[in-house]
Amino acid sequence: WASLNGPWEAHVALATDGDLPSPGGFEDGSLVVPFPAEAPSSGFGRPRVSEFEALWLRRVVEVQDDWPRVLLHVGACDWECTVYVNRQLVGVHRGGYDAFAFDITDFLKGLDGERTSRVEVLIRAWDPTDSGCEYVVTPAVPCHRCCKTGWQPRGKQSLQPGFIMYSAATGPWRDVWLEEGRHPCLIRVVDAMLLNGPEAAAGGTAAVRVQAQLEPSVGQCGASTRLVVVIGLEGKEVARGEGDGPLAVDFEIADHVHFWSPDQPVLYSGMAALCEVVHGSCGDVVEFQFGLRWLAISGEADVGPSQERELLLNGRRVFQHGVLYQAYWPESLISPPSVAALIHELQRIKEYGFNMVRVHATVMPPTFYYFCDQLGLLVWQDFPGGDGRALPLWDQARADVEHSAGYEGLDEIVRTDESSAAFWQELAGVTSWLAPFASIVCWVPFNEAWGQFDTLKVVSWLRQFGGGRWVNAASGWNDIADLHPGADHGDLADVHNYEGPPFQTLNGTFTKWPLPFAGRALALGEYGGLGLPVDGHEWSPENSWAYGQVSRTTSEFEQALLALAGRLVVLLCESRVSGAVYTQWNDIETEVNGLVTYDRMPKVSSDVMRQVSSMLAAAHERCRPSLPTKPGASVAPAS
């Protein structure tokens, strides 16, 4: 393989211009991949690319002559990415958060028809971001088909950043590279799933399924191709198997299974190969790692005061105390500045006592989840929002509209066909790309009603294709359980409470909540938001703000955090709460409610944060003792 990260020639043109820029037309400077055009690290020096403009990148690359086929990989490109090789259209990808690849072999020929080793690669990126589809709905009524443009999944990106919206990102923002395609079919992703959690947790043999996703840009496997897998632990082989085809292998681990958890993030090693039974030879071979864990919710015989259940990890109650993580760095925006910076960030989160990270309104590079697997950090993964937004139950504008229309239940928006297609395509792309990571335990398709539509259909789809993970259908306040009694609403009832309207305090959060949540676990999907501006470390001092109380000194901030933890303890002893997510890890642009500044200077000591986590874990244990689930006890699977 060969990395294509580094400087590319750059040019910005009108999005309506259908002509390819000439080789001499890239006069706007150079751009360093994998950083978006708007990021200082890109070196492009352009803070905004509008919805009326397209970003063009050009690079002449060397291709090995002995590579029989050549794949061009793009880790992510926001949003519509068109690739040309030797000025021939190769393909178009839409979706800013999932990886894709094109087979460019047939485009490597020169004017004489012969393959050349030196080729020109052009990438055209166009990203309307939130153009015509503002986050704050104007006028303030529930949004139905209001987004004619800018409806694509975009997370917190905005062409007019401010308040809770941040700078937009255009173009490639993850690695770009070439790969040799030596075999007729190639493995894209390998993941493993434990099929019999209760039996394995009781000490029995573990039934495991390893699945391979094939690279769609190359040819199909032959009829006699089989997936062959060898599994090891601590350097010793523990299992092997051969499938009936190229896509899956079922096998058993006879010895006592080693479960993956935050306390013991045990990872098995594996080797998967696509082998031809007829010829007795193997083609593509990949090495991988995986963790085995059993996700479930407590059964009918074990419920809380309001019939709430609890999330069970490997058959045990574990309080999941997480931090809201939205990425964003001042120098590189949505792209991490380096792998080393990412590792340091996750290590510090773990040192602060958190055992969970909620990846909010974005999708991180694969290295992020790889290190979460290694460190033992649970991940609740949001799907980046897009399109319009329904209003909360207590919003007066919504109440007025419902009253005048004689209809209650404006909980979902109505998307255009284009918007709906973009959502489903990227949902499928993101979930399949992230399938291998044991750390990802929960999908969060919708947050605070942003882009929320077809909720029950989305839950059903994630049950089928989400890898057995928990589903938190509607984090925030837009639960639709009251509208569809008896339906599958996911595994959690999730409420955000910053101790303002309509709750005012943390205690009573779920007793005040007007919607039904019997049969599901409870989560405080966001809380806290305490602020501390730090001189010399603010993005925009005159516009800094926070969700909650703003402190002026480190001591005051630490005392506020401990007092907040004390109030959360009351809630934990009042309701069975399975998880809580503190807002947030780092300051972002005008927001100063991070535990570290935007440039990652700590605001609070790790000792204080570990004290917070200890208080919460002790309350969770004291108020509802954590006992292993006995074999045969009533336990409901997460899928």
Side-chain angles (χ1 to χ4, degrees), residues 262 295-298 302-313 316-325 354-361 377-383 392 439-449 452 455 459 462 466 469-481 488-499 503 506-529 564-565 567-584 613 616-617 619-620 623-624 626 636 638-639:
L295 306 178
I297 61 173
S298 58
D302 185 19
V303 296
S306 299
Q307 302 299 305
E308 69 266 26
R309 309 285 183 88
E310 292 183 280
L311 300 181
L312 302 178
L313 175 63
R316 297 182 62 91
R317 299 169 61 248
V318 176
F319 182 65
Q320 300 179 46
H321 188 217
V323 66
L324 197 74
Y325 189 81
F354 294 107
N355 62 3
M356 182 259 281
V357 175
R358 180 182 170 196
V359 178
H360 184 48
L377 276 169
L378 302 166
V379 176
W380 290 15
Q381 178 62 53
D382 283 23
F383 182 72
S439 53
I440 301 176
V441 295
C442 184
W443 300 119
V444 187
F446 299 116
N447 177 76
E448 294 187 351
Q452 187 169 343
T455 309
V459 171
L462 289 171
R469 293 167 170 91
W470 295 310
V471 178
N472 184 357
S475 181
W477 33 253
N478 203 48
D479 197 286
I480 63 167
D488 182 0
H489 309 110
D491 299 300
L492 293 105
D494 180 317
V495 176
H496 297 177
N497 185 351
Y498 290 102
E499 300 184 282
F503 300 106
L506 283 179
N507 63 292
T509 296
F510 295 100
T511 56
K512 297 174 184 175
W513 190 238
L515 299 177
F517 47 75
R520 291 180 290 166
L522 303 182
L524 194 61
E526 294 179 24
Y527 81 99
L564 175 67
R567 297 194 295 275
L568 181 52
V569 163
V570 176
L571 175 62
L572 296 183
C573 291
E574 178 183 83
S575 300
R576 289 199 189 184
V577 181
S578 290
V581 180
Y582 180 83
T583 302
Q584 61 182 330
S613 294
L616 301 180
H620 184 256
C623 298
R624 292 293 299 162
S626 179
S639 61

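When reading the values below, keep in mind they use all heavy atoms of this one structure, side chains included, and skip hydrogens, waters and symmetry mates.
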Minimum heavy-atom distance A619-V569, with the two atoms named: CB-CG1, 3.7 Å
Residues which pass side chain to side chain contact (heavy atoms under 4.5 Å, CB included) with S575, listed by chain and number, not counting sequence neighbours: E308, F510, L522, V577
Polar side-chain atom of Q381 near backbone of C442 as donor-acceptor pair, under 3.5 Å: no
Polar side-chain atom of N355 near backbone of P262 as donor-acceptor pair, under 3.5 Å: no
I480 CD1 to T455 OG1 distance, which is reported to the nearest 0.5 Å: 4.0 Å
Minimum-distance pair of heavy atoms, taken over all atoms of L564 and G528: CD2-CA, 3.7 Å
Pair N478-Q452, side-chain donor/acceptor within less than 3.5 Å: yes
Backbone of S298 reached by a side-chain donor or acceptor of R309 within 3.5 Å: yes
Side chain to side chain contact (heavy atoms under 4.5 Å, CB included) assessment of V495 paired with F503: CA-CA 10 Å; V495 176; F503 300 106; 3.4 Å; yes
Heavy-atom closest pair, residues P445 and A473: CG-O, 3.6 Å
Distance, nearest 0.5 Å, that separates NE2 of H489 from CG of D479: 7.0 Å
Contact summary for W470 and L312, nearest pair of heavy atoms: CZ2-O, 3.3 Å
Modelled atom types, side-chain donor and acceptor of N472 and R520, under 3.5 Å: no
Smallest separation among heavy atoms of E499 and N497, with atom names: N-OD1, 2.7 Å
Side chain to side chain, L616 and L568, heavy atoms closer than 4.5 Å: yes
V581 vs M356 side-chain heavy atoms within contact, under 4.5 Å: yes
Distance, nearest 0.5 Å, that separates CD1 of I440 from CZ of R469: 5.5 Å
Donor-acceptor contact present, side-chain W380 to main-chain V359, <3.5 Å: no
NE2-OG distance between H620 and S578, expressed to the nearest 0.5 angstrom: 6.0 Å
Evaluation steps, side chain to side chain contact (heavy atoms under 4.5 Å, CB included), between L313 and L378: CA-CA 10 Å; L313 175 63; L378 302 166; 4.2 Å; yes
Ring centres under 6.0 angstrom apart (Y498, Y527): no
Name of the residue among H496, E448, H360 meeting side-chain hydrogen bond (donor to acceptor under 3.5 Å, both in side chains) with S475: H496
H321 and F354 aromatic ring geometry - parallel, tilted or perpendicular at 30°/60° bounds: tilted
Side-chain heavy atoms of T509 within contact of L524, under 4.5 Å: yes
Closest contact, heavy atoms only, A493 versus F517: CB-CB, 3.3 Å
Exam field: side chain D494 to backbone G525, donor-acceptor pair closer than 3.5 Å: yes
Side-chain touch L311/V318, heavy atoms, less than 4.5 angstrom: no
Sidechain-backbone polar pair: R358 side chain, D382 backbone, donor-acceptor under 3.5 Å: no
Within-4.5 Å side-chain heavy-atom neighbours: V570 and L506: no
